[in-house]
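A short worksheet on the structure shown next.
Heavy-atom basis, side chains included; hydrogens, waters and symmetry copies ignored. Start at 1 with the first residue, then count along the sequence.
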Amino acid sequence: MTTIDGLPAGLSTRPLTLADAEAVHAVIAAEEVVDLGESEMTVEDVVADWQRPSYDITASTIGVFDGDRLVAYADHSDADVAYTAVLPDHQGRGIGTALAHWLQARARAAGSARIGTQVPEGSAADRLMADLGYAVRWTAWDLELPPEREVAARPLPDGFAIRSAEESDHEVVWTLLEDCFLEWSERERMSLEDFGARVWGRPGHQPWNLRLLAAPDGRVVGATHVFLAGEGAYVARIAVRPDHRGRGLAPAMLVDAFARAREHGAVRCYLSTDTRAGARGLYEKVGMEVASTWVNRAIAL
């Protein structure tokens, strides 16, 4: 049993385990339905994050229970990254504040200089974090391609081809995507093992989920990670090497990713980006529309 100061009487707490993933997803989904009108997170997202070799579920999570029912949770996912959710019918009772203080203490003990998370703009979590002194670091958006719309892309240059990744490509894909994302992301490089847990080790992964763009000489110069989430297809990662940008390759990769996803039953296609990447304009130019707006808030410890 773990004690958290400030929780309402009658609630209990304990560290979570992988067996709690579905209950955690249910709490997240209930909050998202209120904030966004629908749930975007999947239980596979939770499992993929928790199964990283570097991650210690017991030390990094706390669940809040009303009897046997999970009503809230907190997760110190990475150095300055936290996740938390509270069932809508338990919000306004001080649970979120108590979890925020637990996360700050957990991050401080781990040597982090700050801790933060990303929440829907204007949501209860956003308002609470603002009241607690969390400042906005950046704004993010989920963009969706309407079901009836196609991405218009010019053909790939001669000799370029898109194919599914093979196991022998994994280290090259990891290097390319991490290099590209670290151009603007303020974090440490993810290990190959942790990256793999979130990509090819994600529950339900199939070869078409990881697509590679090969240059005429066979070198991998771009990659897309796309997977199904219910009736939607989510492009979790897409990147082109700097020396091959400006040639219309990214739209062609999106066309391919969305086409593969629709072949596998996807009705809607979406992705996320934020102000650090500067890519929103690119996605809007190919016909995508903002579906929701998020803010990333953090506080110095």
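Hydrophobic clustering (side-chain heavy atoms under 4.5 Å, transitive across Ile, Leu, Val, Met, Phe, Trp, Tyr) groups L7 together with W102.
Checked by atom type, the side-chain pair W50/D75 shows a donor-acceptor distance below 3.5 Å. No side-chain N or O of T139 forms a donor-acceptor pair with one of W141 less than 3.5 Å apart. Side chain to side chain, S54 and D194 meet the donor-acceptor criterion of an N or O pair below 3.5 Å. For the residue pair S272/Y234, the side-chain donor-acceptor check at 3.5 Å is satisfied. No side-chain N or O of D126 forms a donor-acceptor pair with one of S123 less than 3.5 Å apart.
Taking the side chain as every heavy atom from C-beta outward, H264 and L228 approach each other to under 4.5 Å.
Rounded to the nearest 0.5 angstrom, L36 CG and E31 CD are separated by 9.5 Å. Rounding to the nearest 0.5 Å gives a distance of 7.5 Å between CG of D78 and CE of M190. Distance check, rounded to the nearest 0.5 Å: CD1 of I95 to CG of L128 gives 11.5 Å. Between the CG atom of D217 and the CZ atom of F160 there is a distance of 8.0 Å, given to the nearest 0.5 Å. With values rounded to the nearest 0.5 angstrom, L249 atom CG is found 6.5 Å from L156 atom CG.
W208 does not carry R260 over the face of its six-membered ring by the limits of under 6.0 Å from the centre and within 45° of the normal. A cation-pi contact, defined as under 6.0 Å to the ring centre and within 45° of the axis, links R237 to F195.
Formation of a donor-acceptor pair under 3.5 Å by the R245 side chain with backbone atoms of V240 is found in this model.
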